Every structure is written in structure tokens, then in C-alpha cells.
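See below for the structure under consideration.
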Protein chains: 2
Amino acid sequence: MSPRLDARSKLLDAAARLFYAHGISATGIDAVIAEAGVAKMSLYNNFESKSGLVAAYLQARHEEWLELYRARLGASSDPVGGVLAIVDAYLDHAEAGYEHGFRGCGLLNAAAELPAGDPGRSIVAGHKAQVEDLLREHLESLTDSRQAAALAEQISFLLEGAISRAGLEGHSELLHRAKSLITSMVRAL
Amino acid sequence: MSPRLDARSKLLDAAARLFYAHGISATGIDAVIAEAGVAKMSLYNNFESKSGLVAAYLQARHEEWLELYRARLGASSDPVGGVLAIVDAYLDHAEAGYEHGFRGCGLLNAAAELPAGDPGRSIVAGHKAQVEDLLREHLESLTDSRQAAALAEQISFLLEGAISRAGLEGHSELLHRAKSLITSMVRAL
DNA sequence: GTCTATTTAGACCGACCTGTCTACTTGGAG
DNA sequence: CTCCAAGTAGACAGGTCGGTCTAAATAGAC
């Protein structure tokens, strides 16, 4: 691994921890490089600016979720399992060890503090749309496409709400309740 | 109205606009007093610190929602109308004129950028819990208390998710879709 | 008209912000 | 061994942050 890539990944790891725990604008450059253990110039050699680091952070969170999803999907590939893999990906995220507790979806939290026209908000909106799309694809194996689309929207709302509420409470219990609700909805098809 | 209270309400109005549009940590003291048209010392005569202003802002958003809800509730007081009054309160909020577009629930957005132990997060969690409680009370007139509690949780998740997604897209369409979904769920009881 | 409480504008403080620059060290490829 | 890209530590700049302070203006109570 080239040292340049090494510094870059150390910075992304540090940003992931600090941005998630304390928020983006509350986290300064100096805190990120101290947590990463690299020099300030290594940040500016790998990213255009703090905004560039933020964009990379958002992209990494999206890809991290996709990997959790794919790992869950590998285990079972029937349509019901596919829907539950999406829920479980969020559960895995919620139950990963966080220094300061679970605080909800990192992407949604980031969007909440980005200004109205910021490109980062599009990344987040795209992630949420993709999740709904994956839900719809699995559901189309279980019912007609009209109902699949409606159910995908409904389940994505349920999931989103459960994650937000769970993040406010700091633990994953509400997310488990959403999972059992979604499970019975999908099994009834 | 005493001038002191006048300055206080001008500050709260300005904070409401700026905190909602640009986020809390991205909004400086100087921006708030410029928007309010008052002197900096008027802020510190009325609030202990910026955190004090933020806490008052959160409280005001909660009370603002309660007033929207009560106004909607006055129109129709059957249980179904009670549930829909809650949804409509959020719709009224979403469709109020915002300088930079609808950006979701101001309370949830604020919580997203508050650090883990901040008392402001408890205010937000309390608001969400109270909304679920109001839902449950209305639903208990329509079904047994066990199902009322389960449905209240489910509807609060749906609402929360729809608001977040709608905020990402900048308009209230998704919230209308959630309303029609909730309407048919409640009418079926 | 006088007194008192409040608001005003703005200077000021130390801390922190993002971002740049320099000068030195390191380590792997040829 | 040499070279060079990448890393290092840290000073530095210009700006903004939250918060304090002062002195002048103002307005209501008496």
C-alpha cells in the first residue's frame, strides 16, 4: 500500500469517527489530523479541502452500507431474505461499536447540517433512493409491481423513522421493533 | 410589550430562520443579531449563552408544532380526525414558506448536530415521544390499547421517515403520500 | 424634569477556524 | 547509493467564533 493511500485511509477512518460522533461543522481539521495521526499537509495532499473530505466521508458511508447489505444478502437470497438483508444492514450499522453511542444514520445526520444547495445533500438523497429501489426489486418477486413500489416506499419510511428515533434514544431497540413489523408485512405477501 | 421581551422575540424569530436554513453550528451569533436587528448585548441580556438560545429555539419549535396541531384538532375531533390532525400539523409545517426550501423537521435536524450528551437532544426525543403519545390516545378510541400502541409506533415511524425524505427532496410530496397511507390505515380500524 | 433600567453600536479579547508555506525526514524503485 | 515522491512538524496568515465591556442614547415611571 502506498503511503499516500495509507494517509488517505487513516484520514477517512478518523473523519468517520469524529464526524459521526460530534457532527461535521463541530469537527475541525486539527481534530481530524490528530485522530488520524498524520500531518496537516497530508490532508491537503489527499483532499482538495474540508468539503472534499466531507464528500469522501459521505461516499464511504454509502459504500459501507452497501457492503453490510451485500454481506447479509449473501446468506439468504430469497425475496423475503432480501428485504430483511436491507433492514439487517441498518441494524448491523446501529450495533457496531461507537465511542459515543448510536446516533442514527450518519448520512442523514450529515444532510441535516449541510446548507440547502450543498452537493452532499444529493449524495444522501441518492443513498435513500437506492435503498428504496433495492426494496422494490426484492418485493417485485413477491407481488405485482404496483404494490411492490407502494410497499417499498412504506418500508423505507418505516426504516428511516425507526433509525432516527433509535438514534435519538441511543440504542437499537426501536430498530428491532421495526424489523419484526417489516418481517410480518413481507411474510404476509 | 416591554422592549426586553421585544428584543427576545426578535432574536427567537431570527434564530428560527437561520438555524433552520443553515444549521445551528454554521450560524454565528453575529448573523443572528444582524438578522434580528438588535445589539449583541441584547442577546446576552436575554439568554445565558448561544446554548441557551438554542435551547429556547428547540422549545419554541416544539410549541409551534403543538399550536399547529391544536389548530387542526379544533376543526374535527373524531379519533380519525385526531390522527390526521397530527399528520396535518407536520404538513402545515412543511408547506410554510421557507426562504431556502423545506429541509425536514427542525428538531430532528438540530439533534443531528448536537453532541451525544447535549440536553437539547432530550428536548427533541421528548417531542417525538409526545407525538407518538398523542397518536396512541386518538387510536385508543378506535381499537384496543395493545393495537393502539403498536399502531401509534408504526405511524410515528412512517411520519418521521416521510418528513426526513421529504426534507431531503425539498418539498412536501412524500408527506402527502404518507398521509394517504396513514388515512387508509386508520379508516380500516 | 429626573431617575432608572434597558438598548444601542462597536471595540476588544483569546480561542479556534481553514488553508498555506517552509524546511526536514523517510522509504522504496531504479 | 541516489533520487524523489510522500510524509513529517509546526509556524503562519486572515478570518470568524463566542463572549465581555464601555459609553452614549432612549424610554417609561414617578
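Everything numeric here is computed off the predicted structure, so don't read it as measured data. Below, chain A is the first sequence line, B the second, and so on; all start at residue 1.
When atom types are taken as modelled, the side chain of B:Lys50 and the backbone of B:Ile24 share a donor-acceptor pair closer than 3.5 angstrom. In terms of modelled atom types and a separation under 3.5 Å, the side chain of A:Ser42 and the main chain of A:Val38 share no donor-acceptor contact. Under the 3.5 Å distance criterion, the side-chain polar atoms of B:Glu113 are matched with a main-chain donor or acceptor of B:Ser25.
Atom CG of B:Leu11 and atom P of C:dT6 are 16 Å apart (whole Å). Rounded to an integer number of Å, the gap from CG of A:Asp6 to P of D:dG7 is 9 Å. Per the geometry, CG belonging to A:Leu43 stands 15 Å off C1' belonging to D:dG10, to the nearest Å. Rounded to whole angstrom, the span from the CG atom of A:Asn45 across to the P atom of C:dT22 amounts to 14 Å. The CG atom of B:Leu18 sits 16 Å away from the P atom of D:dT16 (whole-angstrom rounding).
Contact check, A:Ser42 against D:dA6: no side-chain N or O comes under 4.0 Å of OP1 or OP2.
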Exercise for the section: I would like to know whether B:Glu140 and B:Ser145 meet side-chain hydrogen bond (donor to acceptor under 3.5 Å, both in side chains); could you show each step before the answer? Expected result: CA-CA 5 Å; B:Glu140 276 177 349; B:Ser145 81; 4.7 Å; no
Quick test: give all pairs of protein nitrogen or oxygen and nucleotides 18-24 of chain D nitrogen or oxygen below 3.5 Å, distance rounded to 0.1 Å.
residue	atom	partner	partner atom	Å
D:dG18	OP1	B:Lys50	NZ	2.8
D:dG18	OP2	B:Ile29	N	2.6
D:dG19	OP2	B:Tyr44	OH	3.0
D:dG19	OP2	B:Lys50	N	2.8
D:dG19	O5'	B:Tyr44	OH	3.4
D:dG19	N7	B:Lys40	NZ	3.1
D:dG19	O6	B:Lys40	NZ	2.4

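Between B:Val131 and B:Tyr90 the shortest heavy-atom distance is CG2-OH, 3.5 Å. Here the closest heavy-atom approach between residue A:Gly23 and residue A:Thr27 is recorded as O-OG1, 2.6 Å.
Residue B:Gly52 is out of contact with every strand shown, counting any heavy-atom pair closer than 4.0 Å.
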